[in-house]
S.K.: 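Provided herewith is a single structure, encoded as structure tokens, for subsequent inquiry.
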There are 2 protein chains.
Amino acid sequence: MAMNIRTLCLGILSFQEASGYELKKEVEDGMYSHFIDASYGSIYPALTQMNAEGLLTVRSEEQSGKPDKKVYAITEEGRAALAKSLAVIPAKDKFKSEFLFEMLLQQFISKDHMSRAIDKQHADLLEDLGRIEQMKKQECNCEDAGSKFVLGYGESVLRAAVNYLEAQYPRLQQQKMKAAE
Amino acid sequence: MAMNIRTLCLGILSFQEASGYELKKEVEDGMYSHFIDASYGSIYPALTQMNAEGLLTVRSEEQSGKPDKKVYAITEEGRAALAKSLAVIPAKDKFKSEFLFEMLLQQFISKDHMSRAIDKQHADLLEDLGRIEQMKKQECNCEDAGSKFVLGYGESVLRAAVNYLEAQYPRLQQQKMKAAE
DNA sequence: TGATGCATGTAATCCGTTACATGATTCA
DNA sequence: TGAATCATGTAACGGATTACATGCATCA
């Protein structure tokens with residue numbers, strides 16, 4: 001079984017009930033943002049399906065000035081399914097970086113393009129770091145050991161990347177300079 | 001255009017000619033291993049296709065005691081296509097971690113299972129680090145600035161993850177202990 | 001008035017993996 | 001003798017993304 005969109009939804013819903021839209025937001029800029037992806041096109045069908053299977057319940061919530069939302073909650077069967085999925089030893093982390101690939105192939109790109117790529121990478125890393133710091137400040141999620149651990153892990157790794165990038169930046173610029181002569 | 005299997009093959013072949021089998025190996029345990037994935041099922045068709053398009057040339061090489069291999073080499077057109085793909089600012093890094101997801105949902109797993117998951121994560125990280133150290137020792141690839149940068153980046157990030165894991169391990173065990181009481 | 005956020009959903013498409021098929025050689 | 005390495009390839013399948021479709025409210 002292992003990890004897929006279904007397990008992801010069950011996992012988030014085990015903390016709190018939510019709509020499909022809210023789940024997407026959580027994955028996009030919440031606790032899960034830096035190690036998981038999911039789009040509407042996968043979330044909505046998964047919720048409908050799991051509701052039909054009895055792993056979730058739905059309730060329509062009216063909102064003033066906003067469209068109604070379908071709030072999903074996990075059932076006991078859902079919790080059991082989640083536990084079963086988590087009982088598998090997790091697969092190895094997957095890290096995909098077009099940035100590193102491009103850095104490896106420096107010879108094919110201009111100094112200017114490289115600068116822009118590095119700046120973007122730097123900005124992306126800082127953005128992720130900022131999001132983690134914000135979540136650490138909020139008291140809501142930080143009660144449990146799991147959240148603390150995951151936030152700390154992300155922070156360590158991102159910080160290391162930022163530090164490395166900042167330390168190497170001058171060196172890379174120099175080398176490109178020399179190559180241009 | 002951006003990054004896909006085609007670009008990946010062109011990129012590796014820009015350093016040295018290789019067979020499909022060798023490309024897979026390079027992606028599996030070489031320089032690219034910790035930030036890129038590719039299987040035979042995607043590599044072989046890509047090579048055939050790009051050869052037909054004139055981005056690559058092939059040559060059959062006989063080997064004693066081993067099957068013949070098809071050695072591919074990049075053409076001028078291939079280099080141009082590669083440069084074009086690299087001219088796009090790289091997409092944001094994608095990091096997927098079932099491990100972190102499982103840590104977040106600690107409450108659903110046993111102390112024993114968690115220990116095994118952490119040990120596996122630790123071993124995976126050390127394996128990647130070991131591969132990087134080995135590549136640093138070899139003189140063959142370390143000439144260019146790109147390789148140095150990429151190896152250093154990987155080393156920094158992986159080292160940070162290992163350190164964090166080792167520092168947090170006792171704390172996590174204690175908490176699971178308390179929870180079991 | 002035009003962009004952005006809230007909100008749900010479907011269909012086409014892509015991109016790749018997994019499994020299958022084949023076969024020789026070497027090492028334990 | 002059985003597993004592992006070298007070596008190439010195809011077909012079925014899966015899993016998710018992208019784009020499309022719709023619509024109201026708010027803010028600049």
Side-chain angles (χ1 to χ4, degrees), chain A residues 1-10 12-13 17-30 32-33 35-52 56 58-72 85 91-92 94-96 98 101, chain B residues 1-10 13 17-30 32-33 35-52 56 58-72 85 91-96 98 101:
Chain A
M1 207 158 268
M3 251 287 290
N4 50 26
I5 293 284
R6 288 164 62 94
T7 313
L8 171 64
C9 292
L10 288 174
I12 303 178
L13 291 171
E17 44 178 45
S19 64
Y21 190 81
E22 286 163 348
L23 288 173
K24 171 78 193 306
K25 265 182 57 190
E26 192 66 25
V27 170
E28 214 165 52
D29 26 70
Y32 310 83
S33 57
F35 64 94
I36 276 176
D37 271 313
S39 60
Y40 291 125
S42 56
I43 291 173
Y44 284 122
L47 291 173
T48 308
Q49 198 190 10
M50 290 172 114
N51 177 51
L56 304 175
V58 216
R59 148 174 74 79
S60 256
E61 203 170 89
E62 288 172 45
Q63 297 184 120
S64 54
K66 289 177 192 173
D68 290 4
K69 62 176 171 181
K70 288 189 178 179
V71 179
Y72 291 88
S85 293
K92 193 178 170 181
K94 271 171 199 171
F95 176 60
K96 294 197 185 184
E98 294 191 8
F101 184 71
Chain B
M1 208 158 268
M3 251 289 287
N4 49 28
I5 293 285
R6 289 164 61 94
T7 313
L8 170 63
C9 292
L10 288 174
L13 291 171
E17 47 177 44
S19 65
Y21 190 81
E22 287 164 347
L23 288 172
K24 172 78 191 310
K25 265 184 54 190
E26 191 68 25
V27 169
E28 215 165 52
D29 25 68
Y32 310 83
S33 58
F35 65 94
I36 275 176
D37 271 314
S39 60
Y40 292 127
S42 56
I43 291 173
Y44 284 122
L47 292 174
T48 308
Q49 197 190 12
M50 291 172 112
N51 177 50
L56 303 175
V58 216
R59 148 174 74 82
S60 256
E61 202 171 89
E62 289 172 46
Q63 297 183 118
S64 54
K66 290 177 190 174
D68 290 4
K69 63 178 171 179
K70 288 188 179 178
V71 179
Y72 291 88
S85 294
K92 193 179 171 181
D93 287 352
K94 272 171 198 169
F95 176 60
K96 296 198 181 181
E98 294 191 8
F101 184 70

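Proteins come first, then strands; the chains are lettered A, B, ... in the order of their sequence lines, and each starts at number 1.
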S.K.: Would you find more than 12 non-hydrogen atoms of other residues, nucleotides or ligands less than 6.0 Å from B:K92 atom NZ?
M.R.: yes
S.K.: Could you check how far CD1 of B:I36 sits from C1' of C:dC15, rounded to whole Å?
M.R.: 15 Å
S.K.: Considering only C:dG16, C:dG9, D:dG9, which nucleotide approaches the side chain of A:Y72 most closely?
M.R.: C:dG9
S.K.: Between C1' on D:dC6 and CD on B:E62, what's the gap in Å once rounded to a whole number?
M.R.: 16 Å
S.K.: At under 4.0 Å, does any side-chain N or O of B:Y21 touch on OP1 or OP2 of D:dC6?
M.R.: yes
S.K.: Does B:Y44 place a side-chain N or O at less than 4.0 Å from the phosphate oxygens OP1/OP2 of D:dT8?
M.R.: yes
S.K.: Quick check on C:dT8: is either OP1 or OP2 less than 4.0 Å from any side-chain nitrogen or oxygen of A:S19?
M.R.: yes
S.K.: Which one, D:dT8, D:dT17, C:dT8, comes nearest to the side chain of A:Y40?
M.R.: C:dT8
S.K.: Rounded to whole angstroms, how far apart are CD1 on A:I43 and C1' on D:dT18?
M.R.: 14 Å
S.K.: Nearest whole angstrom, please: distance from the P of C:dA7 to the CZ of A:R59.
M.R.: 13 Å
S.K.: OP1, OP2 of D:dC6 versus side-chain N and O of B:K24: anything below 4.0 Å?
M.R.: no
S.K.: So if I take every side-chain heavy atom of B:S39 and compare against C:dT18, D:dT8, C:dT8, which nucleotide ends up nearest?
M.R.: C:dT18
S.K.: May I ask you to verify if any side-chain N or O of B:K25 is less than 4.0 angstrom from the OP1 or OP2 atom of D:dA7?
M.R.: no
S.K.: Give a yes-or-no answer on whether the side chains of B:N51 and B:T48 include a donor-acceptor pair shorter than 3.5 Å.
M.R.: no
S.K.: Without decimals, in angstroms, what is the distance between B:L23 CG and D:dC6 P?
M.R.: 14 Å
S.K.: Which heavy atom of B:L8 sits nearest a heavy atom of B:M3, and at what distance?
M.R.: N-SD, 4.4 Å
S.K.: Output the rounded distance in Å from CD (A:Q49) to P (C:dG9).
M.R.: 14 Å
S.K.: Ignoring the backbone of A:S42, work out which of C:dT8, D:dG9, D:dT17 is nearest its side chain.
M.R.: D:dT17
S.K.: Salt bridge (charged side-chain N to carboxylate O under 4.0 Å, His left out) for B:E61 and B:K70? Distances and angles first, verdict last.
M.R.: CA-CA 6 Å; B:E61 202 171 89; B:K70 288 188 179 178; over 6 Å; no
S.K.: Considering only C:dA7, D:dT8, D:dT10, which nucleotide approaches the side chain of A:Q63 most closely?
M.R.: C:dA7
S.K.: Which whole-number value in Å describes the distance from A:D37 CG to D:dG15 C1'?
M.R.: 13 Å
S.K.: Looking at D:dC6, D:dA16, C:dA7, which one has an atom nearest to any side-chain atom of A:I5?
M.R.: D:dA16
S.K.: With no hydrogens and no angle check, is any side-chain donor or acceptor of B:E17 less than 3.5 Å from a backbone partner on B:Y72?
M.R.: no
S.K.: Taking the nucleotide of DNA chain C with the closest heavy atom to each, which residue, A:V71 or B:R6, is nearer the 5' end?
M.R.: A:V71
S.K.: Report the distance from atom CD of A:E98 to atom C1' of C:dC15, rounded to the nearest whole Å.
M.R.: 14 Å
S.K.: With nearest nucleotides of DNA chain D determined for A:G41 and B:K70 from heavy-atom distances, which residue corresponds to the more 5′ nucleotide?
M.R.: B:K70
S.K.: For the pair A:E62 (side chain) and A:D68 (backbone), establish whether a donor and an acceptor sit closer than 3.5 Å, ignoring hydrogens and angles.
M.R.: no
